[in-house]
Structure formats: structure tokens, C-alpha cells
Amino acid sequence: MAVDLSILLVLVQDGIVNGAIYGLLALALVIVFTVTRVILVPIGEFVAFGALTLAALETGTLPGTVWLLGILGVASAACRLWASRRHATMRSVAWQIGTSLLLPVVVAGLAWACIHWQAPQLVKVLVALAIVAPMGPYLYDVVYRPMADASVLVLLIVSVALHLALQGLGLVFFGSEGSRTQSLADTTLEIGPLFISGQSIVVVLVTLALIVALFLFFERTLMGRALRATAVNRLGAQLVAISPALCGHVAFTLAASIGALGGILISAMTTIYYDTGFLIALKGFVAAVIGGLVSYPLAAASAILIGLVESFASFHASAFKEVLVFMIIIPVLLWRSWRTPALLDEGEE
Amino acid sequence: MSAAHRAVALLLLALAILAPLLPGFPPFWVTLLSYIGLSALVALGLVVLVGVAGLTSFGQAMFVGFGAYTTAILTTRYGFSPWATLPVALVVSGLLAWGIGAITLRLKGHYLAIATIAWNVSFFYLAGNLDFFQRNDGISGIPAITLFGIDFARSMNFYWLVLACVVLAILLTRNLLDSRAGRAVRALRGGALAAESFGVNTFNARVLAFVYAGVLAGLSGWLYAHLQRAVNPSPFGINMSIDYLLMAVAGGVHNIGGALLGAAIVTLLRDQLQTLLPWLLNAQGNFETIVFGGLLILILQFSPQGLWPHLMKLVSRLLPRPAEAPVPPISEAPPLPLRAQPARGAEVLRASELRKQFGGLVAVDNVGFTLNAGEVVGLIGPNGAGKSTTFNLLTGVLAATKGNVAFLGEEICGSTARHIATRGVARTFQHVKLVRGMSVLDNVALGAHLRGAAGPLSAALHLDRAEEARIFALAWQQLHRVGLAQCAHLVADDLSLGQQRLVEIARALCLDPVLLLLDEPAAGLRHLEKAALARLLDRLRQDGMTILLVEHDMDFVMNLTDRLVVMNFGAELAQGRPKDIQGNPAVIDAYLGTAA
């Protein structure tokens with residue numbers, strides 16, 4: 001198949017837009033891995049939950065994720081209260097109950113109001129984010145925090161198990177039908193032979209804004225620096241009174257928000273099913289692995305590359321686009337393997 | 001395994017053979033038992049991979065798929081008999097596992113896990129989209145297995161075939177783990193560093209575990225294809241891989257029995273949940289993933305060893321206590337050929353101008369000394385003087401920034417730890433590095449790795465028994481030597497720290513070293529134990545061995561060593577006989593501080 005200029009431009013545009021979303025996910029994965037050593041496979045479920053929750057709000061039904069948020073809130077409150085039973089103060093208990101129990105109730109109220117009064121699209125997006133984002137820290141409390149000292153490998157098995165459970169729940173809440181959400185910007189920009197959809201512009205702008213915001217967060221704020229300190233040396237950070245739990249909460253909130261946002265952005269361009277999130281996340285994953293799970297710029301750059309490979313592959317060999325994307329990982333692993341002299345430091349957990 | 005345990009195992013086997021023959025045994029249960037057996041084969045591979053080697057794969061369903069598709073394609077398209085495709089299926093699964101392992105197993109463990117996720121998803125899409133695999137329709141019309149007129153299309157016969165395969169796999173796995181190659185794989189959990197310094201090629205050991213798991217999965221796939229008589233991509237997806245991992249973890253990833261238990265629990269549970277959950281939720285779908293995911297998390301949180309150890313605790317309460325294993329008498333004859341030791345007084349090692357820089361920090365600066373055969377030399381100095389770094393430079397654990405090390409005339413600076421071990425340098429570690437959960441005797445036998453040659457295949461078939469007997473005779477000899485023979489059958493991590501240091505020395509002696517490097521051997525020993533250790537080292541010196549030791553106990557050092565090398569702030573401060581060093585003002589300054 002010959003590729004003329006207009007098709008080429010469309011493919012490049014598609015690649016960059018999808019790549020931007022994979023890049024967001026890759027950044028979230030790197031944040032979570034460096035801070036907590038968790039390889040957050042279930043970020044794909046946050047993607048699907050974000051998209052499908054928004055789709056449910058648009059059709060005027062209360063999304064099942066509201067119930068999940070409530071259940072996870074209760075479980076998280078139980079775990080947090082139990083973990084802090086020896087040194088609980090009135091303030092800490094009030095804070096735990098407020099963030100774990102009250103928050104889901106408030107969010108549920110918002111969701112109901114949003115459906116009842118037919119809120120504008122932007123409000124629905126924000127409510128969808130508010131439903132999914134707190135799941136991150138709740139899951140951290142319930143699943144990861146009790147075994148924060150386990151090896152990377154055990155945490156990875158837990159992540160995969162969590163992905164399995166959440167994906168099943170997604171099927172319960174949203175069924176096997178796919179959904180698409182409304183575009184956030186309906187205009188189309190025409191520059192010479194190039195048509196740029198409003199949604200593409202939104203995606204790229206939001207991505208850039210988020211990268212700048214994350215940069216400022218990590219460079220300029222005390223919390224951001226605390227997270228970086230934890231990433232460099234967990235014990236050292238703990239010794240200067242940086243709470244690993246707080247860092248975990250922040251990292252997981254960021255990851256869940258970024259995941260849900262990625263889902264919301266992509267769902268206006270492609271149909272999302274309950275299990276689509278995993279595949280989208282895997283591409284963010286490949287990008288993060290190329291960056292060695294630690295480098296932000298490498299991860300972001302490889303995400304764009306993956307987006308481009310995918311968009312050209314879907315044009316030339318659509319049946320094999322997933323395979324081609326995942327096979328990028330092989331030369332990367334070969335290169336890393338060849339560069340690594342010998343592995344002499346890894347032992348028992 | 002005690003006699004009582006063996007009896008219980010045989011009883012269970014007899015039950016597994018006879019139970020389906022009982023009148024009224026539901027035919028559906030026979031099929032279910034076959035499926036449990038198929039899953040148990042895969043889970044058994046995961047026990048070796050996850051529990052023994054400490055690696056994880058999310059791609060075992062893919063290897064099952066390799067086995068299944070190999071036989072499906074060969075029998076339906078090219079008219080092969082199922083028995084002819086069995087070796088092909090095993091080789092295909094093993095080769096693909098080898099290829100995947102070769103590019104990921106040099107990296108940290110989680111890269112293998114991530115890579116297998118990507119591979120498994122890719123395989124699923126390839127099988128579903130390529131004509132070669134007949135896409136999502138799959139391949140049907142696979143012939144049934146027959147042998148000497150027995151038709152394995154009958155579910156009862158097929159069950160017995162599966163049972164035979166499972167029993168065979170269990171025996172092979174036991175033989176493999178209890179061998180030179182198996183100990184190398186088990187040593188991975190004690191840290192690659194310790195294993196490499198006894199000559200274990202840890203990369204090969206990891207690949208071996210991964211290939212073995214892949215071959216077992218391939219066998220399961222071959223059976224599956226002939227049980228179903230049709231294959232399509234759906235049972236070879238990533239979710240099924242996670243299920244296999246759940247089986248291994250739920251049953252108990254450190255025990256062969258755990259694989260059977262886990263396979264039974266998960267298979268039976270899935271069968272129940274697949275009817276119960278859609279009815280409860282009033283919808284169609286694979287909802288059992290919710291329960292399985294949650295279950296896996298709970299098990300890892302509350303009982304990471306799985307359910308098997310709990311079951312064994314119950315069983316051992318019912319069984320008589322096993323008799324204490326006997327300690328063989330001391331024997332003097334060397335069970336394995338010894339290497340030629342250099343003549344007493346000949347130069348064994350010469351280090352010159354050694355320098356090691358970590359970024360801006362110079363840990364070792366221009367250090368040089370020689371060691372002569374039959375000499376005990378002490379490397380002393382205050383904390384942070386660079387003694388352990390020097391040790392690591394000599395043994396190839398760290399690469400020197402500059403300098404040379406000649407060992408018996410060969411330049412070894414820049415060689416790998418493994419190569420230096422083959423030349424006859426054995427060591428112990430400042431922070432004891434024994435394989436946890438493994439017996440003292442097995443830990444010591446690990447030191448003899450380089451003195452054996454048996455490979456995994458001869459081990460699995462038990463053709464290595466003569467060599468194994470010699471290796472263990474050697475291990476006993478060294479345990480007698482350090483005075484720990486009565487502890488041989490204990491788990492290494494149950495010993496006191498001082499005893500663990502002695503086990504490390506026994507392990508190092510198994511290498512038959514020319515040069516023995518001991519990093520703080522007396523730390524944690526009591527007074528009498530120290531005296532015994534000093535006598536042992538003295539005897540080794542008389543036998544002609546060269547010893548370099550780092551030690552803080554000055555009495556111990558001064559009484560034992562022939563010469564001392566003193567280091568301070570990375571640099572060499574003094575060298576000489578203990579008497580002279582004791583009077584050296586620079587050394588006294590370094591230890592006690594200069595008077596103001």
C-alpha cells in the first residue's frame with residue numbers, strides 16, 4: 001500500500017496522540033515504581049474505569065464504580081484504623097474517617113447530582129475523575145501497604161492479581177459492551193492537507209500541561225521532593241520523617257488520576273471495553289520498561305515511538321499491531337541485557 | 001522424606017489410581033481429575049521457577065500453547081502420530097523458553113515477568129490472527145492417542161495417562177532438585193554473588209529453571225490437545241497464565257506437593273464458581289477472575305508459603321516422628337581428586353597498585369602485597385579502611401579501577417568471580433551468604449560445584465549418583481573438619497551466626513582451594529569456638545593452604561598469622577610480622593588516634 005502525504009500525516013497525528021496517552025501512563029508507572037517498588041499493572045483498570053464511568057454519567061446511569069469506591073473506602077478505613085491502632089489520636093482518626101469514609105459519600109452525592117441536573121460535559125469529566133482517583137490510595141491501603149516490604153517480584157504478582165480482580169469487577173459494572181464518550185472539543189483545525197481534530201489538540205495540550213505540572217510538583221513542592229527522596233532511598237527518607245504511607249498515597253492518587261484521565265481522553269477517539277485498559281496500559285508499560293522503569297524522559301519519548309509504531313502498524317498490518325508494539329520490547333531488553341555486565345546483587349527477598 | 005511420608009504418598013497414589021474404578025464414580029469427575037493433572041504439570045514447573053529459582057513467569061499458558069499447537073499442526077496437517085509429536089512439542093517449548101530466557105535472564109527478575117506478559121499477549125494475538133494457527137477458529141480433528149491397542153480417547157484411560165505423566169514429572173523434579181544442577185538453581189535464592197563465587201553460572205541456572213518449567217508446560221499442552229482433540233487460542237491467554245501462578249502460590253510455591261494441592265483447589269474452585277457466579281450476578285462472563293485475584297492477594301498477604309505447609313503440619317502430627325538421620329564416621333581419604341598445590345613458600349598471589357574508586361570516593365588506593373603458599377596473612381585496619389573492598393577486588397566481585405592481581409602467574413584482575421573460583425580461590429563473606437531453607441549439608445555440598453560435572457539431564461534420570469555420593473562424602477568430611485557434623489541435617493538459617501560462619505568455611509574448603517579468603521571468620525564465635533577455629537586454620541596452613549583473612553579480634557590475628565597487611569583510609573599503612581606491627585607507631589596511631 002502506498003502512503004500518500006495526507007495518510008502519512010493522519011498516521012503521525014494518530015501516533016502522537018495515542019503516544020501522548022501512553023506517555024502519561026508510563027510516567028505514572030515510573031512514579032509508582034520508584035516510590036513504592038510496585039509495578040502497577042492495574043493502572044489499565046483505572047483507564048477503563050475512567051472512560052466507562054464517564055460514559056455511564058453521559059447516559060444518565062449511576063456507574064457501578066461508585067459502589068466500588070464505597071466498598072474500597074470502607075476497607076481502606078478498616079485497614080488504616082487497624083494499622084494505626086496503637087498510636088491513634090482524635091485527629092488522625094477523624095482524618096482517616098474523613099478521607100476513607102466521608103469522601104466516597106460526597107463523591108456519590110456529586111455523581112447523583114451530576115446525573116439529576118444534566119451537568120455540562122466538563123463537570124462530568126471532573127466527577128468521573130473524582131470517582132476513580134481515590135481508588136488508587138484505597139487500593140494501596142488495602143492491598144499493598146500490608147506487604148510494603150515484600151520483594152519487587154511478589155509485589156508484581158500482587159499487581160497482576162489485582163488487575164485480574166478489578167477487570168472482573170469492570171465486567172460486572174459495565175458489561176461486555178464497549179462505550180465511547182463525547183469529544184471534549186468538536187472543532188476541526190485545517191492546516192493545508194492536515195485535519196487536526198479538536199480532541200487531538202486537547203489530548204496533546206492536557207499531556208503537556210500535566211508534564212509541566214508534574215515537573216513543578218517534583219521540583220518545587222516539599223511533597224514532591226519527599227517523593228523523590230523516597231525514590232532514591234526509602235530508609236533514608238523514613239529516617240528524616242518522610243512517611244512511606246503518605247508517599248504511597250500520593251503516588252497512587254497520581255497514578256489513578258492519570259490513568260482515569262488517560263481513559264477519559266482516549267475514549268472520545270476509540271471504543272473502550274472493560275478489558276481494553278490492560279492493553280493500553282501494557283503499551284505505557286513497554287515505554288516505562290524502555291526507560292528502565294526509572295527514567296521519565298526516556299519513558300515519555302519511547303511512548304511517542306510506540307504510538308507511531310502502532311499507528312503505522314494498524315494501517316499496514318492491523319491484525320498484528322499489538323504484536324508489533326510488544327515486540328519493541330525485545331531489542332530493548334537485548335540492549336539492556338548486553339549492557340548489564342553481570343547480575344551479582346540479587347538474592348532472597 | 002521419611003518412611004512415613006513415603007507411605008502416605010504411596011497410599012495417595014494408590015487412591016488416585018483406584019478411586020475412579022469404584023462403581024458410581026461420576027465420569028465428569030474423571031475428566032476433572034485429568035484437568036487437575038494437566039494444571040499440576042504446569043504448576044510443578046512454576047514451583048521450580050518461582051519457589052526454587054526465585055523467578056516469576058506470567059507466560060506459562062503460552063508454553064502450554066506451544067506444546068498444544070505443535071502437536072495439533074503436525075498431526076492434522078502432516079499426519080504425524082501423536083507419539084512422534086511428543087518429543088517435538090517438548091523441544092519446541094524448551095527452545096522457545098531458552099530463547100526468551102536468554103534475552104531477559106541477565107536482567108533483574110521482574111524483567112522476565114514483564115517480558116513474559118508481553119510475549120503471552122503477543123502469542124495470543126498471533127494465534128488468533130495467523131492462518132498458520134487457523135486463527136480464532138482453531139484446529140480441530142486432532143487424533144486421539146493410542147498405545148498397544150489402548151484407546152486414550154476414553155476419559156478413564158486418558159486420566160491414567162495424565163497420572164503417569166504427573167508421577168513421572170514429580171520424580172524427575174525431585175531428582176533434579178536433589179543434584180548438582182539443582183543445588184545451583186536453589187543457590188540462586190542465596191544471592192547470585194555467593195553462587196558465582198563457587199563457580200555456579202547463575203545465568204545458566206536461571207535459564208535451566210525457566211526451560212524446565214517451559215518443557216513441563218509443553219507436556220501439559222501436548223496432553224491437552226489430545227484430550228480436547230481441538231485447540232484454539234483462548235486457553236493460552238494471559239489470564240490462564242495468571243491462574244497457573246495462582247495454583248502454584250496457593251498450594252505452596254516451595255513444595256512439589258504444593259503444585260498438586262494448588263492445581264486441585266483452583267481447578268475445583270473454578271468449576272464451582274463458573275456456575276455459581278453467573279447465577280449470582282445474573283450475567284454471563286468469566287467472573288471467577290474476581291475471586292481468583294482476591295484470593296491470590298490474600299494468600300500472599302497472610303500465608304505467602306501457601307497452604308501446603310499448613311497441611312504438612314497437620315499430617316506430621318498424625319505420623320510418628322522420623323528417626324534422626326545418621327552421621328557418617330570421619331573418613332580421611334579424599335573422595336574427589338585434589339588439585340596440585342604450589343610448593344610451600346612459592347608465590348601464590350601478587351597484588352600491585354590496586355585502586356578502586358566509587359565516584360569521588362577512593363576506597364582502595366595503591367595497595368599491593370604478596371601471598372606465599374602455606375602462609376596465613378591477616379588484612380587488618382579500622383572500619384572503613386577498605387579491607388572488604390580489597391577482598392572483592394581479589395575475588396572478581398568488583399572490577400578494579402587500576403592495578404594488577406597475579407594468581408599463580410595468571411593475571412586475574414578483570415576476570416569474573418566464577419573464573420577466579422575455578423582457578424582455586426574460595427572465600428567466605430562478611431555478611432553470611434548461605435541459602436536459606438536449605439540444609440547445612442546441601443549448603444556445604446554447593447562448594448563442591450566445580451568438582452563435579454553431572455548435568456541436569458543425567459540428574460533427572462539419576463545417572464549422577466556415583467558423583468553425588470562423592471560430593472556428599474566430601475561435604476561430610478569438611479563438616480567434620482569444622483566440627484559441625486552433628487548439625488548437617490539442620491536448616492542452615494537455624495544455626496547461630498558463628499556456626500553459619502563455620503558452614504561457610506566448610507563450603508569454601510569443598511572447593512579444594514589454593515587460596516582461602518576469610519572475611520571476619522571469628523566474628524560471632526565464642527571463646528572456645530575461636531580457639532577451635534584457630535586450630536583448624538593452623539592445620540590447613542600445615543597442609544600447605546594459603547589463607548588471607550580480615551579480622552578484628554586482635555588476639556586471634558596476632559596469634560595465628562605469619563604476616564599482617566595494615567590498611568587505613570584505603571591506603572596501605574604497614575606490612576610485617578605481627579610482633580613488628582604491634583610496635584609500629586603509625587599503626588598504633590590509626591587504631592588509638594594520635595595523642596593531642
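Order of the sequence lines sets the chain letters (A, B, ...), proteins ahead of strands, with each chain counted from 1.
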Chain B contact via [X] - which portion, at a heavy-atom distance below 4.5 Å:
X        : answer
A/Phe33  : side chain
A/Val172 : both
A/Val332 : neither
A/Leu155 : neither

Checking side chain to side chain contact (heavy atoms under 4.5 Å, CB included) for the pair A/Phe278/B/Val121: CA distance, chi angles, key distance, verdict? CA-CA 10 Å; A/Phe278 179 57; B/Val121 172; 4.2 Å; yes
Rounded to the nearest 0.5 Å, what separates atom [atom1] in [X] from atom [atom2] in [Y]?
X        : Y        : atom1 : atom2 : result
B/Phe124 : A/Glu322 : CZ    : CD    : 11.5 Å
A/Phe285 : B/Ile114 : CZ    : CD1   : 5.0 Å
A/Phe326 : B/Trp119 : CZ    : CH2   : 13.0 Å

Quick one: does B/Gln301's side chain have a donor or acceptor within less than 3.5 Å of a partner on A/Tyr144's backbone?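 Not confirmed, B/Gln301 side chain does not pair with A/Tyr144 backbone.
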Kindly indicate, with the supporting measurements, whether the criterion side chain to side chain contact (heavy atoms under 4.5 Å, CB included) is fulfilled by B/Ser122 and A/Met327. CA-CA 8 Å; B/Ser122 301; A/Met327 288 306 113; 3.1 Å; yes
Considering only heavy atoms, which portion of [X] lies under 4.5 Å from any heavy atom of chain A: side chain, backbone, both, or neither?
X        : value
B/Leu281 : side chain
B/Leu55  : backbone
B/Leu245 : side chain
B/Thr56  : both
B/Asp243 : side chain
B/Phe123 : neither

So if I take each residue of residues 158-170 of chain A and look for any heavy atom under 4.5 Å from a heavy atom in chain B, which residues do I end up with?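 The stretch touches chain B at A/Val158, A/Val160, A/Ala161, A/Leu162, A/His163, A/Leu164, A/Ala165, A/Gln167, A/Gly168, A/Leu169.
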Looking at A/Leu279, A/Ile157, A/Leu324, A/Val325, which makes the most heavy-atom pairs under 4.5 Å with chain B?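 The option with the most such pairs is A/Ile157.
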